[in-house]
There are 2 protein chains.
Amino acid sequence: MPAEVATLVAFFKALADTTRLRIVGLLAVEERSVDEIATLVDVRPPTVSHHLSKLKKLGLVSVRSEGNTRWYRLELDAVEKLAREVLAGDGLTSIGDEVEAAAEDAYALKVMQTFMEGERITQLPRQWRKKLVLVRYVAQQFEADRTYSEAEIKAVIAPIYPDHVTLRRLMIDVKWMLRDKAGRAYRLNPERLAELRGSP
Amino acid sequence: MPAEVATLVAFFKALADTTRLRIVGLLAVEERSVDEIATLVDVRPPTVSHHLSKLKKLGLVSVRSEGNTRWYRLELDAVEKLAREVLAGDGLTSIGDEVEAAAEDAYALKVMQTFMEGERITQLPRQWRKKLVLVRYVAQQFEADRTYSEAEIKAVIAPIYPDHVTLRRLMIDVKWMLRDKAGRAYRLNPERLAELRGSP
DNA sequence: CATCTAATTAGATGATCGCCGAATTAGCGG
DNA sequence: CCGCTAATTCGGCGATCATCTAATTAGATG
C-alpha cells in the first residue's frame, strides 16, 4: 500500500527542526538520557523532553527506565521504513494520483464556469488542458450507438459554440469521436464511452 | 561526504507541509501550471506561487515558460538524492557524530562544574557517562613514562577525592591505567595517552 | 521521612509560516 | 494601446510551534 499523505507529512515534520534532527542524530549513535542530550544540543531539559515526546508519539524513538534516568534510543527500523516510502519511486506519484482523484471534478467544474455561460461556450481557453475539459463536455452531447453526418454534427455543436469546425476537429484529435474512413460519417469512439460518461 | 544538518532540515521542511507535499505529488505525475495546481489542491494561486518558490529555491522543482503560463516540473533526481542520504544508514549517525564533536567538551565541562569544587570532587555521579568524565580528569593528573606504587596513587588521588580506592579501580576498569601483573606497580596506559591528552 | 536528582508538565512568549485579498508585472490578442 | 489572463509580490492575519521558567512527579539515598 502506498504512503498516506498525512503519515508522510508527520514524518517530515518530525525531522524538520534542527534541534530535533540533531537529537535523532545523537540517538542514532547510542542511547542517551534527557540530561545528556540537553547539554549536547544546548537547550534546556524541558525542551528536550518536549521533542522526545513528539518523536515517541510517532514511534521513532523508545525509552527504557533505569533508576530515575530514562534512556532514549532510536527505532531505526521505523525511520528507514518511512524514508523508504519516499524513495519508493511511485511514493510521491501515488500522492499525486490521490490528489487528482479527489479534485479532478472540481477542476473541470471551475474551467466550465470560467469559459461557459449556461449551455454556451463563451470562449475557447488557450491552455490545452482546459480545452480538453470543454471538448469533453461537447462530446458528451452526442449519443452513442449511432452515426452523425457533418451537418448533424454542426447542428449539435453550433448552439454551444459558433466555430463548430474547430471543435469537431478537436474531438477527433483527442479521439472522443471517430471519422468513418470511407465517407463522411462520424460516431463516438465506442472504446472510450465509459470514460466519457464517468466524472473525470 | 555525509549530509549537512542544515541541508537535511531544509529538505524536510520543504515536505513537512500538507499542501506542499500534495503539490510535489502532483508534479511527480506530470508538469502542471500554477492555476491547475491551485484548483487541484484547493488554495489560491498566490499560495501556490509561494510554495513553488520555496521548492524552487531548494532545486526540487523547475519551471518552463510558455506564453504567460509557467509549467512546473519535479526534479526527481534532487528529491531522491536527498532522500537517499537519510537512508544511507550512517546518514543520521554522522549527524550525531557532528553534534558530539562540537559539544563533548561542553558536556565534560558541565559535569565537572556540577560535581567538583575547584580541584576537589565533591561527589561521584551515579550515571556512568558522567563518572567517566571525572575518572578521566583524575587520570590526567598522573605523569606518563613512570610507574606508581599503591601509596603514590593514593597520594595523588586522595586530595581530589577521599575514596581513592574506588577511583583507582575505575581508572583500571576503564583502562586509562594498567596494573603490573607481577607486583604492585601501576602506570598510565601508553596506548591511550594521546586520547587522554586531547580534549574529548 | 527528608532530601536530592532526573524528568515531565504547565503556562507564557516570541518567531515562523501558511494563507488570503489586493495590487503589480508579464505576455498575448484584437 | 487597451483589455484579458497567468503569475508573482506585498502586507497582514491567525495558527502553530520551539523555547523558556517555574512547578510538579517519581526514584533513590541516607
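Letters A, B, ... mirror the listed sequences (proteins, then strands); counts begin at 1. Please read all numbers here as calculations on a predicted model, not as lab measurements.
Counting non-hydrogen atoms under 4.0 angstrom, A:H50 reaches a base of the nucleic acid. A:T19 comes within 4.0 angstrom of sugar-phosphate atoms only, judged by non-hydrogen atoms across all strands, and of no base.
Counting only residues at least two apart or in different chains, salt bridge (Lys or Arg N to Asp or Glu O under 4.0 Å) contacts with residues 38-54 of chain A are absent.
Proximity note for A:K54 (side chain, C-beta onward) versus C:dC19, D:dA18, C:dG18: the nearest is D:dA18. Comparing atom distances between the B:K13 side chain and each of C:dA7, C:dG18, C:dC17 picks out C:dC17 as nearest. Here the side chain of A:D17 is nearest to one of D:dC20, C:dT8, D:dA18, namely D:dA18. Relative to the side chain of B:N68, the nucleotides D:dT5, C:dC17, D:dT8 differ in distance, and D:dT5 lies closest. The listed nucleotides are C:dA7, D:dC20, D:dA18; the one nearest the side chain of A:T69 is C:dA7.
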Notebook entry, point to check: Starting at the 5' end of DNA chain C, what dot-bracket string do you get if Watson-Crick and G-U pairs under 3.5 Å are bracketed, crossing pairs use [ ], other-strand pairs use | and unpaired bases use dots?
Noted result: ||||||||||||||||||||||||||||||
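Of the side-chain N and O atoms in B:Y72, none sit less than 4.0 angstrom from OP1 or OP2 of D:dA6.
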Do any side-chain atoms of residues 11-27 of chain B form donor-acceptor pairs under 3.5 angstrom with protein atoms, and if so which ones, sequence neighbours left out?
| residue | atom | partner | partner atom | Å |
| --- | --- | --- | --- | --- |
| B:K13 | NZ | A:A16 | O | 3.3 |
| B:D17 | OD2 | B:T19 | N | 3.1 |
| B:D17 | OD2 | B:R20 | N | 3.1 |
| B:R20 | NE | B:A14 | O | 2.8 |
| B:R20 | NH1 | B:H51 | ND1 | 3.2 |
| B:R20 | NH2 | B:K13 | O | 3.0 |

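Place B:V48 and A:D42 on DNA chain D by their nearest nucleotides, and B:V48 ends up nearer the 5' end.
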